[in-house]
Amino acid sequence: MQRPVPRPKPSPATPDPQAAEAALRARLRDQPGNAMAWQQLAALLSQWNRHAEAVEAYARAIEAGASAQALCTPQALALSALGRHAEAVAVVAPVQARKPRDFALANLLGVLLKRAGRLDEALAALEAARRLEPRNLSPWQNIGNTLELKGDHAGAAAAFAGGLRIEPRNAELWRLHGRNLRLLGDRDGARASLEKACALDPRDRDAAAALVTLLMEAGEGDRALAVIERARAARPGDQGTEVLAARLQMQLGRMEEAKAALERSIAANPGDLAANLALARLHGDGNRRAANEALRRAVEANPGSWEAAEALMESLSRSRYDDEVAHLEEAYRIARGLLERHPDGMARLARGLRTVFQRVMDEDRMAATGPLRALLPHWLAEGRHSAVHYELGQVETLQDRIDIVEWHRAWGRRASAKIAPVALPATPALATGRKLRIGFMSSDLRNHPVSYFALPLIELHDPDKVEVFCYSFYEGERDRVQEIMERRVAGFRWWPRKPDAQVAEGIARDGLDILFELGGSTAMNKLEVMAHRPARIGASWLAYPHSAGLEQIDYVLVDPYIKPEDPRLLIEQPFEMPESWVVLGRLGFNDQPIHDGLPEERNNCITFGTANNPYKFTTACLDAWAAVLRAVPRSRFLFVRPEASGMAFMDNARLAFARRDVDPTRLDFVGVRGKHLPYYNTMDIALDSLPHVGGTTTCEALWMGVPTISLVGAGFPERLAYSNLSNAGVGDLAAFSVEDYVAKAADLARDRARRRALRHGLRPMIRRNPLGQAQRFADLFYAKAREVASR
């Protein structure tokens, strides 16, 4: 909570506020130049939170002769309440410059600069205020809040500690101090500070919630429950405490109990912010409709809450039911409002905002969230591994790539610091002739692209030599793919929402030689289970095309094309397949018809296109695509994406290409999810995204007879298509510079004969090459697994 800044004292209470307003407005009709009456009306309106009217009244008072200097504080606060932070700063700054020794003005200016997102300037103003009154608590707390927003948690903790020397019994400061120590990774110090906060103010739900979270992270469920019981005793009948208890039940995996408790709280108070936020988290991806209903209640009842707005924005962006594009457009409207109203909150809001802005191709607002290097420290402190998945392409130099690898390593060390390995059962050596035991862990062991590539290993293993186990955390209904897998494996464990420690213990009982995690930090997955070392050897494959960060993951599956040449770009040892890292199985790569002839012949022009995810559409990527279109006159570009039918996506895409000297009328859009393969029949050449390239999309394009131009980069996520192309027999379509990428695309556009040969020849080529030989891939995989497990 921000330390309050001085506010003007409200006018003496009146028994009839409406009568007071009416009297003032009547006087102003007769005396429109009455500065005092305008000032009194503005004060009343501010008191009643009618800030827009108050701002107008303050302006009229100043026009009528009132002192701008005298009114700068209430006028600025009214502007700030409306989210007009830059205007608020402009009101106070010149007055403060004339009165540099005025503590209240310096402190107020610092707060307003912070709200405007001008954090360095805010610190300078707040430091000036602190020097003016070093024993005043307010600047200490405001400095701490500002440093926290900058990601300087050590500095923030020091500032809050300075405030505690002035006011050692301030529970709020102890809570803030503890929160920043936790973000620094000092869990013992954080615990001591949070316990102090709870002791000083047993009724403080925020402090209790922070302490409960910390204790749960440490695996101390009983102590967390004791904290809740003390909070209940301090606030008998308090709904917020019951919500805290429900959150604990969620963390313990007792979802039905938690749901019932939250629904009781919401029945008593439908707009309760904490209860609705928690219920939305409980529903999650398993029931986005119900999650959105809870979040809409929260937003309606708490219109000023950025937490509610952010949660609804993120949930809408993830919503696939009914009209997906309508959900995304609504998320975009919310995102624009959050960016405008909370420029000081970029660190906490950036992930959700960037996801939405990426999905609708809003380059300007994406840039306004700040550079990745400024956000990574925040996400590390908050443990937000999933935030970085969509940023793997935001690299330019080798050092950028190394820095992201080291970010993952730092995250892994912090995430696993308090996790002890589970006990593993004794197993005889493989040399005794027993079967190899392999596990695959993912929420995507269902009808999902991950299973397009995992299913061949599940269907084609030799059960006389290998026992396969699957671990699914999917929160939706089972589907036909899951049923197929269940019939082919020794054990299929379906454990949605089961706590990590229990998952690890369950996996350990299966006595695996190697456990492959296939999901990374994508939705519903449980990457941190790997930190418990539930198998003798841990490995990573498929969904997260990068080192995940946990040093308890021993290997990452690669092939000669994907493996980075610089060893600093991998944390794990390479589990190196001799040919390809994936194979095309029967799922997802079916007999979808390929039309006769070429799209160029039907459309009378070359059509380039992509089905890649927009988070891969970096500035460099758009630059390269535009260069290709400029190099091939009259060519067109087709977006085949779920987002592509939305007005925001289309408008921003057209703007992006127009900026790059490409006529935006050359763009075409198809909005579709899951049924996109037929649209490759309208595409002559696929242009891969860069530097983060496509994997599944490249395979799909090749399967549909569409040659793909891809740029090969230094890091893992920049080499996936290089493997796919090489293992399909068209490795020459991989380029090693942007100039070569553009040239290859232009050359292929001119080479109608080759494109005609590839249109119906790529599928047979794939079947003849490693990318299409499923049994060969499975045999090589299990041979490699036995080799690794025997070391």
Side-chain angles (χ1 to χ4, degrees), residues 185 187 216-219 379-389 392 404-427 430 436-444 450 469-473 493 495 498-522 524-558 563-564 567-576 716 784-785 787-791:
R187 294 186 179 181
M216 286 302 300
E217 289 175 348
W379 295 341
L380 176 60
E382 296 164 4
R384 300 187 67 175
H385 187 285
S386 62
V388 185
H389 188 181
L392 298 178
I404 285 190
V405 170
E406 291 308 312
W407 184 95
H408 283 81
R409 193 192 307 274
W411 170 84
R413 288 174 175 171
R414 291 187 63 164
S416 60
K418 298 290 183 178
I419 296 177
V422 296
L424 300 180
T427 55
L430 279 171
L436 178 70
R437 295 169 73 86
I438 296 285
F440 299 105
M441 180 181 90
S442 175
S443 67
D444 300 324
V450 163
F469 296 80
C470 291
Y471 308 91
S472 172
F473 315 118
R493 321 300 188 201
W495 292 332
K498 196 169 188 177
D500 288 2
Q502 294 177 28
V503 169
E505 290 167 0
I507 294 173
R509 286 193 290 271
D510 287 331
L512 301 179
D513 293 297
I514 306 179
L515 172 64
F516 280 86
E517 70 84 18
L518 311 183
S521 58
T522 55
M524 295 176 278
N525 279 297
K526 292 183 173 290
L527 176 60
E528 284 150 284
V529 164
M530 301 298 285
H532 293 263
R533 281 203 172 276
R536 284 202 302 119
I537 297 169
S540 182
W541 180 42
L542 283 181
Y544 198 73
H546 195 276
S547 289
L550 292 169
E551 290 168 320
Q552 293 86 351
I553 298 177
D554 305 286
Y555 291 89
V556 61
L557 194 150
V558 296
K563 187 172 92 171
R568 293 174 296 177
L569 298 181
L570 281 184
I571 294 174
E572 308 88 348
Q573 299 177 64
F575 183 104
E576 187 168 346
F716 194 136
K784 182 67 176 181
E787 173 197 327
V788 168
S790 300
R791 291 174 183 169

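For reference, positions follow the sequence shown, starting with 1.
- Asn525 and Tyr544 are not linked by any side-chain donor-acceptor pair at a separation below 3.5 angstrom, with hydrogens and angles left out of the test.
- Using a 4.0 Å cut-off between charged side-chain N and carboxylate O, Asp554 and Arg536 make no salt bridge.
- Every residue was checked against the ring pair (Phe, Tyr, Trp, His ring centres under 6.0 Å) condition with Trp379, not counting sequence neighbours, and none meets it.
- No side-chain donor-acceptor contact under 3.5 Å links His389 to the backbone of His385.
- Trp411 has its side chain out of reach of Val388: every pair of non-hydrogen atoms, C-beta onward, lies at least 4.5 Å apart.
- When atom types are taken as modelled, the side chain of Glu517 and the backbone of Gly520 share a donor-acceptor pair closer than 3.5 angstrom.
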For the pair Tyr471 and Asp510, evaluate side chain to side chain contact (heavy atoms under 4.5 Å, CB included) and give the outcome as yes or no after the intermediate values. CA-CA 11 Å; Tyr471 308 91; Asp510 287 331; 2.7 Å; yes

Determine, step by step, whether Ile438 and Phe440 satisfy the side chain to side chain contact (heavy atoms under 4.5 Å, CB included) criterion, reporting the C-alpha distance in whole Å, the side-chain angles of both residues, the deciding distance to 0.1 Å, and the verdict. CA-CA 7 Å; Ile438 296 285; Phe440 299 105; 3.7 Å; yes

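- With salt bridges taken as basic N to acidic carboxylate O contacts below 4.0 Å, none links Asp513 and Arg437.
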Side chain to side chain contact (heavy atoms under 4.5 Å, CB included) between Leu424 and Val422, intermediate numbers included: CA-CA 6 Å; Leu424 300 180; Val422 296; 4.2 Å; yes

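- His532 pairs by the ring pair (Phe, Tyr, Trp, His ring centres under 6.0 Å) definition with nothing, not counting sequence neighbours.
- Considering Val558, Ile537, Val788 as possible partners of Phe575, the one that fulfils the side chain to side chain contact (heavy atoms under 4.5 Å, CB included) test is Val788.
- Ile553 places none of its side-chain heavy atoms less than 4.5 Å from the side chain of Ile571.
- In the displayed structure, Lys784 atom NZ is contacted under 6.0 Å by more than 12 heavy atoms of other residues, nucleotides or ligands.
- Using cut-offs of 30° and 60° on the angle between ring planes, the pair Trp541 and Phe516 is perpendicular.
- Listed here is the closest heavy atom pair of Gly519 and Ala543: CA-CB, 3.6 Å.
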Could you pull out every donor-acceptor pair under 3.5 Å between side chains of residues 500-509 and any protein atom, sequence neighbours left out?
residue: Asp500; atom: OD1; partner: Lys526; partner atom: NZ; Å: 3.4

